[in-house]
Amino acid sequence: MTKFNTQLIHGGNSEDPTTGAVSTPIYRASTFHQRVLGGHPKWEYSRTGNPTRAALEKLMAQLEEGVAGFAFASGSAAIATVFSMYSRGDHFIVGKDVYGGTFRLINQVLKRFGMEFMVVDTRDLAAIEAAIQDNTVAIYFETPTNPLLQITDVRAVTVLARRHHLKTIVDNTFATPYNQRPLTLGADVVVHSATKYLAGHSDVVAGIAVTNDAALADRLAFLQNSLGATLGPDDSWLVQRGIKTLAARMRIHEENAAAVVAFLQSDAHVAKIYYPVLPDFPGHAVAAKQTRGFGAMIAFELRAGLDVKKFVEHLQLIDLAESLGGIESLIEVPAVMTHGSIPRAVRLRDGISDELIRLSVGIEDAADIIADLKQALGRLD
Ligand SMILES: *Cc1c(COP(=O)(O)O)cnc(C)c1O
């Protein structure tokens, strides 16, 4: 077995079996000629299976060390399809800090179908244990979380889950398989917004699910085809192309993140920094145990009373935008943007202050990112 960074480039079907082309072709076909009536050809119809999508799915299964991968039209579609394995009356434990769209899916869609959810801080094993009911079927969480980068011990949660015959589903969008492979830590299903680091160039919306359980794989294949939110061949190709440079990008992302954190630590406008690489960060020890690197998502708070709006609007290089994980540095204010729909009292209780800023550090020259932060912070004096 080749090493992870080599698999990024040569894994899956990186070469076209018919022509030897070193880049997987884009099979832009909805249907395939069947030469025998009633035969079961490998390719029939592109919702069910498409060779370009299949190449990406095989690659992702390999990178996450699962038995099967599934590509969807968005991360949200991947998550919705995974939850649709379950039924009315099933109860889930959900991590406290999950993606806003996942909360919306849970509260405004899945609850209408009779599924039940309890939100728990998954860093607290006793709290998880206390939340388990007779009808609990799975634990769903993200680590690190958005935007506070809280770290859940994946191994510890999966051990607890197995003891209670529960499945564990991890959203691995922030860490990517480059840094963290939850299936190897005992999880049953991994989901991704491939829109972020996997594709990496802010040019495609896509989702992935991978499992290492053959029964769940059959179920997901059936549901992917039945619900039909599949990723098209062009977008599958873009995601696969992005994945080839994941290791190269992540190294620079992390190098730049370290430089940006060092700068923020030295700047008097900054009150607090959230980044798991910092030894005094609460999740540092667990992160160090389960991830190769610490990623390039940073959150920080300006000193109380400083004008967050003025700061972000004066940035020139760093884009004020939602999303993350692209080659360009992206900054956002959770209280106003990604977490704006959460009532202020709840948000403050959960540690998302009005002064909190989330930065997805890109792969530009670190000196330019820092210079931009510095000039915009200077405007606050
Ligand atoms: C963006 C995101 C999603 C949703 O993915 P889409 O591709 O936007 O549908 C899910 N989870 C996390 C952690 C995300 O950042």
Side-chain angles (χ1 to χ4, degrees), residues 53 56 60 64 69-84 92 94-110 119 122 139-152 154 169-180 182 187 189-210 224 227-232 235-236 238-240 242-243 246 250 253 274 276 291 295-299 321-326 328 330-332 334 337-342 350 352 358-362:
R53 193 180 89 216
L56 168 65
M60 277 308 300
E64 286 286 11
F70 302 91
F72 297 91
S74 67
S76 304
I79 294 165
T81 305
V82 166
F83 273 114
S84 68
F92 299 85
V94 176
K96 190 166 70 68
D97 237 5
V98 302
Y99 177 70
T102 304
F103 266 127
R104 182 176 54 208
L105 172 74
I106 287 170
N107 288 321
Q108 301 189 42
V109 182
L110 301 176
V119 175
T122 49
I139 304 174
Y140 179 101
F141 62 93
E142 299 172 12
T143 182
T145 63
N146 175 22
L148 296 172
L149 303 162
Q150 293 172 348
I151 307 292
T152 288
V154 180
I169 304 163
V170 180
D171 182 332
N172 202 30
T173 299
F174 269 41
T176 83
Y178 173 79
N179 274 332
Q180 167 174 286
V189 181
V190 165
V191 293
H192 280 280
S193 171
T195 313
K196 317 293 169 54
Y197 285 105
L198 289 177
H201 294 71
S202 304
D203 54 9
V204 60
V205 172
I208 298 285
V210 178
Q224 182 192 37
L227 295 171
T230 53
L231 192 64
D235 287 350
S236 295
L238 272 175
V239 175
Q240 201 205 20
I243 289 172
L246 180 65
M250 288 309 277
H253 277 301
Y274 300 81
T291 68
M297 294 303 297
I298 295 172
E322 298 197 0
S323 200
L324 58 107
E328 60 289 276
L330 299 173
I331 203 160
E332 69 114 2
M337 298 167 70
T338 50
H339 295 63
S341 61
I342 302 174
D350 289 345
I352 302 172
R358 185 189 80 185
L359 176 60
S360 171
V361 180

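For ligands, and for the atoms within them, numbers begin at 1 and follow the listed sequence.
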For each nitrogen or oxygen atom of ligand 1, which protein N/O atoms lie closer than 3.5 Å, and how far apart are they, rounded to 0.1 Å?
{"from": "ligand 1", "atom 1": "5 (O)", "to": "Ser193", "atom 2": "OG", "distance (Å)": "3.0"}
{"from": "ligand 1", "atom 1": "7 (O)", "to": "Gly75", "atom 2": "N", "distance (Å)": "2.9"}
{"from": "ligand 1", "atom 1": "7 (O)", "to": "Ser193", "atom 2": "OG", "distance (Å)": "2.8"}
{"from": "ligand 1", "atom 1": "7 (O)", "to": "Thr195", "atom 2": "OG1", "distance (Å)": "2.7"}
{"from": "ligand 1", "atom 1": "9 (O)", "to": "Gly75", "atom 2": "N", "distance (Å)": "3.2"}
{"from": "ligand 1", "atom 1": "9 (O)", "to": "Ser76", "atom 2": "N", "distance (Å)": "2.8"}
{"from": "ligand 1", "atom 1": "9 (O)", "to": "Ser76", "atom 2": "OG", "distance (Å)": "2.7"}
{"from": "ligand 1", "atom 1": "11 (N)", "to": "Asp171", "atom 2": "OD2", "distance (Å)": "2.7"}
{"from": "ligand 1", "atom 1": "15 (O)", "to": "Lys196", "atom 2": "NZ", "distance (Å)": "2.7"}

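A centroid separation of 6.0 Å or more is found between the aromatic rings of Tyr197 and Tyr178.
In this structure, Met60 CE and Ile208 CD1 are separated by 5.5 Å, a value rounded to the nearest 0.5 Å.
For the pair Thr145 and Phe174, the minimum side-chain heavy-atom distance is 4.5 Å or more. Taking the side chain as every heavy atom from C-beta outward, Ile79 and Tyr99 never approach each other to under 4.5 Å. Thr338 has its side chain out of reach of Pro147: every pair of non-hydrogen atoms, C-beta onward, lies at least 4.5 Å apart.
A side chain to side chain contact (heavy atoms under 4.5 Å, CB included) with Arg358 holds for exactly one of Leu149, Leu324, Ile331; it is Leu324.
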